[in-house]
Amino acid sequence: MIDVQNLKNNLSETIENLSRRGFDFNEDYWLKIEEKRKKLQIETEQLQEIQNNLAREIGKLQKDKKDFSKAKEEASKFSDDLKTKKNKLDKVQAELKDFLLSIPNLIDAKVPEGNSELDNTIVEEIGKKPEFSFDIKDHQELGLLGNGMDFDGASKISKSRFVVFKDSLALLNRALINFMLDVHTKEHMYKEIYVPLIVNSDSLIGTGQLPKFKEDQFKIDDNEQDLYLIPTAEVPVTNYHRNEILDSKELPITYVCHTPCFRSEAGSYGLDTKGIIRQHQFEKVELVSFVDPENSDEQLEVLTSHAENILKKLKLPFRKVILCSQDIGFSSSLTYDLEVWLPSQNKYREISSCSNFKDFQSRRMKIRIKKDKKNILCHTLNGSGLAVGRTMAAILENYQNEDGTVSIPEVLKPYMNNLKIL
RNA sequence: GGAGAGGUGGCUGAGUGGUUGAAAGCGCUCCCCUGCUAAGGGAGUAUGUGGUAAUCCUGCAUCGAGGGUUCGAAUCCCUCCCUCUCCGCCA
């Protein structure tokens, strides 16, 4: 949620900033409802004060065994009035909250102007793209060839956009997860954490998936339970500290968490229908940090470098981009995407998204820091380190051999029973 | 899933309708005293939000969550959530 105080004080700047990401801030509505809220709130609280005073008076009179019927009569008069006012206020406040919750984060000054991924700023390209002297295959062909991927089997037991991994690909999946967790815990000193994969709506509101992106979530359809499958570990891990006041001495808090992620991918049925690039379920290793607001800019660089490090160790060619104003996510203020080279597509494809949310999420979640005896909102960040399915696809394609086999990246061999080839 | 007990401030823990936002203790902060790794004395110490530019002042809200009764609810009633104990089931 954006800072309401700031919204009031710097209305035109805020509107301008939001318009850069294509968000049309309804100024008339805002001014009207805010004025309404203010008026109602003042009136309601004044009535409440009168009533509280009367109630206190009655208490005293009764204690002194004096007649309090007159005060009681007066208080009764207020009671109804107060109730209707309060109801009105509740409604307006709920409406206002809805409005505020659907406003995206303000974007950082570094975010480039643009309306699609074509306008993202390319920061750097790292690693050498492989050159092939033969006709290359895409990762799906390679997976099917080795009999390690089964899409038909997956759709039989579930539905489309799921996959079954077998043998060496099942092993590769597990190897990648362990490799990534090891690097982040041992070299980057993240605390490993394991969390529920089913979360309540408060958690999804906290990180920004709700109320606006309900159709992207898998909801548990069981006795109208208020539960959803997680779209990313970001949700449970960030919400782990919801409603808490963190000790500034503990910061930065950095977690690494492996989970499956579930996305309904509503409205993307034409996209990436081949292979494992876009599935309803995929594995991801996620990095999440909680930092002092002063350090979040720096922390984004650090966190992104940790994700990059995995790609470097795997010797996968990639590039780093800054998402432009209309490609950046709802809750983020600044996002670096890491895009891995996919030879079959002759394109770089997103494999990690590292974002600084500043105080947008922590305001929703009330995550604060005790600093100089005051409570301030902390800053939250996260990034994939990395998306495992896409990493697997990238390895298959970049490490493929002419005979359809796939070499195994050096760093993974210890995790692959020292196999050299898939 | 069934039966019972319970959810109060950073922690422990009082409080069953009326100045209780909440005793007391611990912890923490500041000050005083004390020539020493101790003890004592004093003061302060929840969060959110409104009026405000405001850390001053002041209003309102918050005792698991949401409703209800009442002039008035931490206290009474209803629903839900969570924790603990026992039983059932189970990886």
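Side-chain atoms are counted along with the backbone in the values below, which use heavy atoms only and exclude waters and symmetry mates.
- A side-chain donor from one of Glu301(A) and Tyr336(A) sits under 3.5 Å from a side-chain acceptor of the other.
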Residues Lys32(A), Glu35(A); criterion salt bridge (charged side-chain N to carboxylate O under 4.0 Å, His left out); working and verdict | CA-CA 5 Å; Lys32(A) 244 181 244 165; Glu35(A) 192 192 332; over 6 Å; no
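- Projected onto RNA chain B by closest heavy-atom contact, Glu34(A) and Gln62(A) fall at different nucleotides, the more 5' of which corresponds to Gln62(A).
- Residue Ala55(A) is in base contact, counting any heavy-atom pair closer than 4.0 Å across all strands shown.
- Taking atom P on both A24(B) and A43(B), the two are 12 Å apart, rounded to the nearest angstrom.
- The C1' atoms of C78(B) and A46(B) are separated by 30 Å, rounded to the nearest whole Å.
- Take the nearest nucleotide of RNA chain B for Ile50(A) and for Arg56(A): the residue whose nucleotide is more 5' is Arg56(A).
- Using modelled atom types and a 3.5 Å distance limit, the side chains of Asn356(A) and Asp108(A) yield no donor-acceptor pair.
- You'll find the ring centres of Phe25(A) and Phe99(A) inside the 6.0 Å limit.
- The separation of G4(B) from C80(B), taken at their P atoms, amounts to 14 Å, rounded to a whole angstrom.
- Partner of Gln93(A) under the side-chain hydrogen bond (donor to acceptor under 3.5 Å, both in side chains) criterion, chosen from Gln41(A), Lys88(A), Arg37(A): Gln41(A).
- If you check every strand for non-hydrogen atoms under 4.0 Å, Gln46(A) touches nothing.
- Nucleotides U83(B) and C31(B) are separated by 44 Å at their P atoms, to the nearest Å.
- In this structure, the side chains of Val111(A) and Leu323(A) stay at 4.5 Å or more apart for every pair of heavy atoms.
- Between the side chains of Glu397(A) and Ser344(A), a donor-acceptor pair is found at a separation under 3.5 Å.
- No engagement by Asn9(A) is indicated, since no non-hydrogen atom pair under 4.0 Å with the nucleic acid exists.
- Residues passing the side-chain hydrogen bond (donor to acceptor under 3.5 Å, both in side chains) test with Glu113(A) are Arg20(A), sequence neighbours excluded.
- Nucleotides of RNA chain B lying under 4.0 Å from heavy atoms of chain A occupy a range whose first and last members, 5' to 3', are G18(B) to G72(B).
- Across all strands shown, Ile58(A) has heavy atoms under 4.0 Å from base atoms, whether or not it also approaches the sugar-phosphate.
- Considering only heavy atoms from C-beta on, Tyr228(A) comes within 4.5 Å of Lys219(A) through its side chain.
- The closest side-chain heavy-atom distance from Arg21(A) to Asn105(A) is below 4.5 Å.
- Of the residues Arg161(A), Arg278(A), Lys159(A), the one that meets the salt bridge (Lys or Arg N to Asp or Glu O under 4.0 Å) test with Glu265(A) is Arg278(A).
- Comparing the same atom, C1', in U8(B) and in G21(B) gives a spacing of 11 Å after rounding to whole Å.
- Comparing U52(B) with G9(B), their P atoms are spaced 33 Å from each other, to the whole Å.
- Near RNA chain B, defined here as any heavy-atom distance below 4.0 Å, the residues from residues 82-94 of chain A are Lys83(A), listed numerically.
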Which string of ( ) [ ] | and . matches RNA chain B, if you list each base 5' to 3' and count Watson-Crick or G-U pairs only when both distances are under 3.5 Å?
-> ((((((((.[[[..)..(.....]]]((((((.......))))))((((((.....)))))).[[[[[..)....]]]]])))))))....
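- Checking each of Asn120(A), Leu311(A), Leu338(A), Thr121(A) against Lys320(A) for a side chain to side chain contact (heavy atoms under 4.5 Å, CB included) leaves exactly one that passes, namely Leu338(A).
- G40(B) sits 40 Å from U49(B) when the P atoms are compared, rounded to a whole Å.
- Between Tyr399(A) and Pro409(A), the closest side-chain pair of non-hydrogen atoms falls below 4.5 Å.
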List the atom pairs, with distances to 0.1 Å, where a side-chain N or O of residues 384-396 of chain A and a protein N or O form a donor-acceptor pair under 3.5 Å, not counting sequence neighbours.
from, atom 1, to, atom 2, distance (Å)
Ser384(A), OG, Ser353(A), N, 3.1
Arg390(A), NE, Ile277(A), O, 2.9
Arg390(A), NH1, Glu350(A), O, 2.9
Arg390(A), NH2, Ile277(A), O, 3.0
Thr391(A), OG1, Ala387(A), O, 2.6

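- Taking atom P in both C56(B) and G41(B), one finds a spacing of 30 Å when rounded to whole Å.
- Residues from residues 359-369 of chain A placing a heavy atom under 4.0 Å of any atom in RNA chain B, listed by number, are Arg368(A).
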